Amino acid sequence: MLSPHVPPSPAAAPHLSATGLACRRGNRLLFKGLAFEVAGGEIVWLRGRNGRGKTSLLRLAAGLARPEDGEILRDGVAASTSAVDRRFVFIGHANALKDDLSATESLQFLLRLHGRPCSAAAVQSALDRMGLQGRRTAAVRTLSQGQRRRVALARLAVEDEPSLWILDEPYDALDADGIERLNDLLLAHAARGGSVLLTSHLELDTVRLRPREIDLDRCA
Amino acid sequence: MLSPHVPPSPAAAPHLSATGLACRRGNRLLFKGLAFEVAGGEIVWLRGRNGRGKTSLLRLAAGLARPEDGEILRDGVAASTSAVDRRFVFIGHANALKDDLSATESLQFLLRLHGRPCSAAAVQSALDRMGLQGRRTAAVRTLSQGQRRRVALARLAVEDEPSLWILDEPYDALDADGIERLNDLLLAHAARGGSVLLTSHLELDTVRLRPREIDLDRCA
Amino acid sequence: MTERFRWFTFAAPARFHALAGRLIPWLWAAAAPLAAAGLYMGFFVAPTDAQQGESYRIIFIHVPAAWMSMVIYLAMAFWAAVGWMFNARMAFMLAHALAPTGALFTFLALWTGALWGKPAWGTWWVWDARLTSELILLFLYLGYIALVAAIDDVRRGDRAGALLAIVGAVNIPIIYFSVRWWNTLHQGATITMTAAPKMATTMLTAMLLMTFAFWAYTFAVVFMRARALVLERESHADWVRDLATRSRTREEQS
Amino acid sequence: MRDLFLAVYLRDLRLALRRRVETLMPVAFFVVTASLFPLGVGPEPQVLRQLAPGLAWVCALLAAMLSVSQLFASDFADGSLEQMLLTGRSAVVIAAAKSAAHWTLSGLPLIAAAPLLGLLFDVHRDALGALLVSLLLGTPVLSLLGAVGAALTLGLRSAGVLLLLLVLPLTIPALIFGTGAVAAVDAGLSPGGHFSILGALLILTALTAPVATAAALRISLE
Amino acid sequence: MRDLFLAVYLRDLRLALRRRVETLMPVAFFVVTASLFPLGVGPEPQVLRQLAPGLAWVCALLAAMLSVSQLFASDFADGSLEQMLLTGRSAVVIAAAKSAAHWTLSGLPLIAAAPLLGLLFDVHRDALGALLVSLLLGTPVLSLLGAVGAALTLGLRSAGVLLLLLVLPLTIPALIFGTGAVAAVDAGLSPGGHFSILGALLILTALTAPVATAAALRISLE
Ligand code: HEM
Ligand SMILES: Nc1ncnc2c1ncn2[C@@H]1O[C@H](COP(=O)(O)OP(=O)(O)OP(=O)(O)O)[C@@H](O)[C@H]1O
Ligand SMILES: Nc1ncnc2c1ncn2[C@@H]1O[C@H](COP(=O)(O)OP(=O)(O)OP(=O)(O)O)[C@@H](O)[C@H]1O
Ligand SMILES: [Mg+2]
Ligand SMILES: [Mg+2]
C-alpha cells in the first residue's frame, strides 16, 4: 500500500525488495500489501509495537517462512529459494550458541557452517572486537545474558562483503559499551556498501547510524 | 567497601540490606564487601556492564543462591531462609510462562502459586493493564517476545502490598507503550511504600521514576 | 553451635592434614604385615574344606571385602550427613575420599564371589537377593562418584552427593539381611555376635587378620586421598600457602 | 498446602492434556515394546506367557525412568521452577505434587494398558490380577524415586545416564517383589507377603522421597 | 560439501564428549535393560540364552528411537538449526551428518557393548558374531530413519509418540532380518542371505533418508 520513502535506486539490484507482501500467523493477518526496499549502504530500522509482526517480517526476508501473498526478493531472487548464492547474515532473537561449548568453539562452528574464515586468529579477533577478551574459553552456560549476545554478534566482525544483514533485536541485553561496538560494526558494514535490516525497541543512535525507518504501525 | 548514598533509615527495617557481601561464580569473585540498603518507597537501579554480576546479585537477594561471604537480609531475615513470611516478587530474565498454556492460564498459575488473588477477573484486569486485551486466550507459544514479557510483568499489577520487587531486565523486549505501563506500575508501588530493585541497560525514565542508582562498576 | 561450626569449617582441614600426615606411615606399616600374615594363614595353614576342597580359600578375601564394602558406605553416609548438618567442608571431603575405596572393595567382593560361584554353584552369577543388592551397592558408589564429578561447582557437588549417599544408605540393611529375608543360594552368616563361630580357629584367625589389614589399608588410602583433596580445595587458604613455601625452602636446602 | 499441591498437580495435568497425543506415550511405548518382543524372541506362547509379567515390569521401569528425566527440565529452563521455590511455602509439597502428576501421567496409563498384555500373551486371570496390584503399588515408588534423581541431576551435562545410574538400582527391589508376586500366584501361593512389602516400600518412599527431592531442587538451583 | 559434513559431524561428537558420561547412555540403557530382564523374567539360563538376540535388537531399537527424538531438539530451541538451514548449502549434507553423528553416538557403543550380553546370557560364539554383524548393518538404518521422523515431528506437541508411530513400523524389517540372521546361525544355516538384505536396506535408506530429512526440516521450521 505504502512504500516508505524509497531511496534513489542504486546501480545494482537492491539487497532486499518486497512488493505486496502479506503475512499471516495463525489466523491473524499481520500485514498486507507491504512494499519496501533495502539498498546497499543503507541501515534500515524496522519499527512497530509489540506483536506488530517485525520478527515475522524478518523471517520472511531470511527465507525461513513463506509469505501469505506478494513476494520478497533477496538480491533479486525469491527469499525462500534455498539455493542462494549471495551471502547474507541472519541473527535472530535466539543466539544459536551451545551451552556446553566455549564461546570460541560456538562461534567457530557458526563461521565454519556458513563457510566464513574460522581460523583461531579470526575467531579470537572477532571476539575481541565485541569486548570478550577475558571470557573466550568460558563455557557458554557460564556467560551472562549480555556476554552471550556479544558472542552471537561477533559473527558480524568477520564479515567483509557488502551483503545483507538481518538482525532481530541485536541490542538486546547489551550495555552501553556493547551497543557502541555493535554500532561500529554496522557503520563499517554500511561504509563498504553492505545493508542492514534490524529491529530494536531501544532508540538507535540516529546521529551516528542515520537509519532509515520503516514503521509497521504506520504503513500496511 | 563503599555503600552508595544510603537513604535516611525509615522507621521499619529496610526491605533489603546487604553488608560485606561477596559473590563467587565458578572460580571468579564477582564482588566483595558490598553494602547497600533498599528502603520502602525506593526504586533502586542496579547498573553495571555486561557480566558485572547484576543478575547474580539479584539471585542472592531473592535467596536463590547463597553469598560467598557477608550477609543479605530481606525484611530483616537472611534472604536464603526458605520460610519467608513477608512477600516479595522476583521476576528473572526468564518469563516462567508455559508455551502450551494460554496467557491467562500461565498468569493464573503463577498467581495461585504465590497465593495471590487469581480469580478470572483479577487475571483479566492484570493482563489488560499490561495492554494484552486482544491476546488473553492466545497460547504463549504464539506470542511475540514483547507480549511474553508483558504477561510475565502482569503479575505486578495484582500486587497491593508495600513489598519488595526484584526485577531482572524488566524492560527487555518492551516497546514504548509497554515501558510506560511498567513505569506506571512501579510508581504506584513506590507510592504505597513498596520498594523496587531492578536492572536495566535501557536508560530509565529518571524524571518520572527518580531511581537511586547503585553502580557495580564503581563500587566493590 | 557456632563453635562447632567454626571447628568443622576452618580448623579441621589444617589439623586433619597434619594429623593424617603423621598417621599414614604407621597405617601402611600395619597393613602390609597383617595382609601377609592373613594370606599366609589362609592359603597355607588353614585346613582344606571337607566339601569344597581348596576353592573355599577365596573366603579370606571375599568376606572381609564384603564387610568393608558395607562399612565404608555407612561411614560415607555418616560423614555426608555431618557435612550436611553442620555445613562442614572437612566432612564432605572425607565422604568424597571414602567412595573410591568403597567401590573397590565392593568390586572385589563381587569379583571374588563370582570366582567362587563357578566351583560352588556352577555359575558365575545368579540374580539372588544378596548378589543383586551388593551390585546395587556398586552402582551407588559409582553413582556417587559420577554425580560429584559431573558437577562443576564444588559446593553443589558436595551437597548433591551427600543427599545421594544418605538416601542410598537404606541399601545396607538390605544387603545384610537379604539372606535372612529371602531363601537364596548365598550362604547365611557364619560369624555372628550371639552364636559361637562354626568354623575352625585358624580359618577365623586368618579372616580376622585379613579384615584388620583391609581396615588399615582403608584408613591409609582414605587419609591420603583426603589430604590431597584438602590441599586442592584449600589452595587459597593461608596455611596451605605456608605449607607450600615451607616445603619449597626445605627442597632448596636439601 | 492443599491448594498449593492442587495448583501444581492440576497444572501439570493440564499441560499434558494440551499435548493430547503425548499422554498416550507411555502406553505406546509399552505396547510397542511388548509387540516387538514376539518378533525378536519368537512366537512360542509358552515362553511368551512366562515372559509377560517381567516384561510389563521392565516396561514400567523404563517408561518411568525415561519420562521422569524430563520432569523438572522444562520448568527449569523457562524459570517456572525458580518461581516455585520462591513461594516461601513448602517445596516438599511441590515436589510431591510433581511426583503425583508424573505417576498419573505415566504409571496410571500403563496400569490401564496392562490388561492388553494379558490378551497379547495369554496370561492367566489370577496372574494378571496380581500383576495389576503389584503395578499399582510399585509404579508410584518409581515416580517418587525418579523425582529425586531428576532433581539431583537437573541441569547437569550428563543428566540422562546419571539418572539411570542413580535411580535404577534403587528401584530394583520394587521390580523383584512386583514380579515375585506374580510368580507366587503362578506357583499357587499367596502373593500377600509380596504385596505387603511393596506397600511398605511405597509408604517409606512416599514419606522420604519428596523431602529429598525438595532438598535436591534447592541444591540444583543454587 | 565434505567440510560442511565434517563441521556438523565433529561438532555433534564434541558436544557429546563434553557430556562425557552422557556418551555412555546407550550402553547404560542396554546393560540396564539386559540386566533387569533376568530379574523380571527369572534366571533360567536356557530361557535367557534364547532371549538374548531378540533382547539386543529390541534394546537397539528402543535406544535409537529414544535418543533420536532429541536429535534436532536442542538445535531447534537455541536457533542453531535455523542457522544450519540458512547456509545456502545443502541441507541434505547437514541431515546426513546429523544422522551419522547419531549412529556414532548411539549405534556404535551399543555394538561395542553387545559382547557383554554374550557373557551375561551365555550366548554361543557364532551366534554372537552373527548378532554383531546384523547390528552393524542394521543400526545405521535405525539412525537414518529416526532422523526423518525426528525432523517431521520437530516442535510438535506430541513429538515423542508420533515419532514412535511413524518410524517404528519402518524399522521392523531391519529387526526381522537382524534376528533372523542369528536364528539362522543357531539353526546351523548360513546368515548370508539375511545380511545381504540388511545391506540392501542400508544402501536404500542411506540414499533416500537424508533427502527426506532435509525436506522435513524445512517444513518444520517454517
Ligand atoms: C558375586 C557373588 C557374591 C556376592 C556379591 C557376595 C556378597 C557377599 C556379602 C555382601 C557378604 C557379607 C555379608 C555378611 O557379612 O553377612 C558375603 C559373605 C559371605 N559370602 Fe558371599 N557373595 C558372593 C558369592 C559367594 C559365593 C559363591 C560363596 C560361597 C559359596 C559365598 C560365601 C560367602 C560366605 C561364606 C560369606 C560369609 C558370611 C558370614 O560369615 O556372614 N559368597 N558375600
Ligand atoms: N505461531 C503463531 N501462531 C499464531 N500467531 C502468532 C504465531 N507467532 C506469532 N504470532 C502472532 O503474530 C504477531 C507478530 O509476532 P512477531 O513475533 O512477529 O511480533 P514482533 O513485531 O516481533 O513483536 P515484538 O516487538 O514483541 O518482538 C503477534 O501478535 C503474535 O501473537
Ligand atoms: N555458572 C557460572 N560459572 C562461572 N561463571 C559464571 C556462571 N554464571 C555466571 N558467571 C559469570 O559471572 C559473571 C556475572 O554474571 P551475571 O549474569 O550476574 O552478569 P550480569 O551483570 O547480569 O550481566 P548482563 O548485563 O550481561 O546480564 C559473568 O562474567 C559470567 O560470565
Ligand atoms: Mg520480535
Ligand atoms: Mg544479567
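Numbers restart at 1 for each chain; the letters A, B, ... are given by sequence-line order, proteins then strands. Since this is a predicted model, take the numbers as computed values, not measurements.
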Completion exercise
Honestly, the part of S56(A) sitting under 4.5 Å from a heavy atom of chain E is neither
Problem - D78(E) and K98(A) ion-paired at < 4.0 Å - result: yes
Practice task
Report the distance from atom SG of C118(A) to atom CG of D3(E), rounding to the nearest 0.5 Å.
Solution key: 8.5 Å
Handout entry: Non-hydrogen atoms of A77(E) and A94(A) that approach each other most closely
Key = O-CB, 4.5 Å
Exercise for the section: Under 4.5 Å heavy-atom distance to chain E, tell me which part of R148(A) shows up: side chain, backbone, both or neither. Expected result: neither
Fill in the blank from the handout: To the nearest 0.5 Å, atom CZ of R11(E) lies from atom CD of E105(A) at 11.5 Å
Problem - 4.5 Å side-chain heavy-atom contact, F109(A) and Q83(E) - result: no
Practice task
Check L113(A) against V8(E) and note the closest heavy-atom contact, atom names and distance.
Solution key: CD1-CG2, 4.0 Å
Fill in the blank from the handout: Under 4.5 Å to a heavy atom of chain E? For L110(A) that would be side chain
Exercise for the section: For chain E, find which of H114(A), R112(A), H93(A) contributes the most heavy-atom pairs closer than 4.5 angstrom. Expected result: H114(A)
Problem - Which portion of R66(A) sits near chain E, non-hydrogen atoms under 4.5 angstrom - result: both
Problem - NZ/NE/NH1/NH2 to OD/OE distance under 4.0 Å, R14(E) and D100(A) - result: no
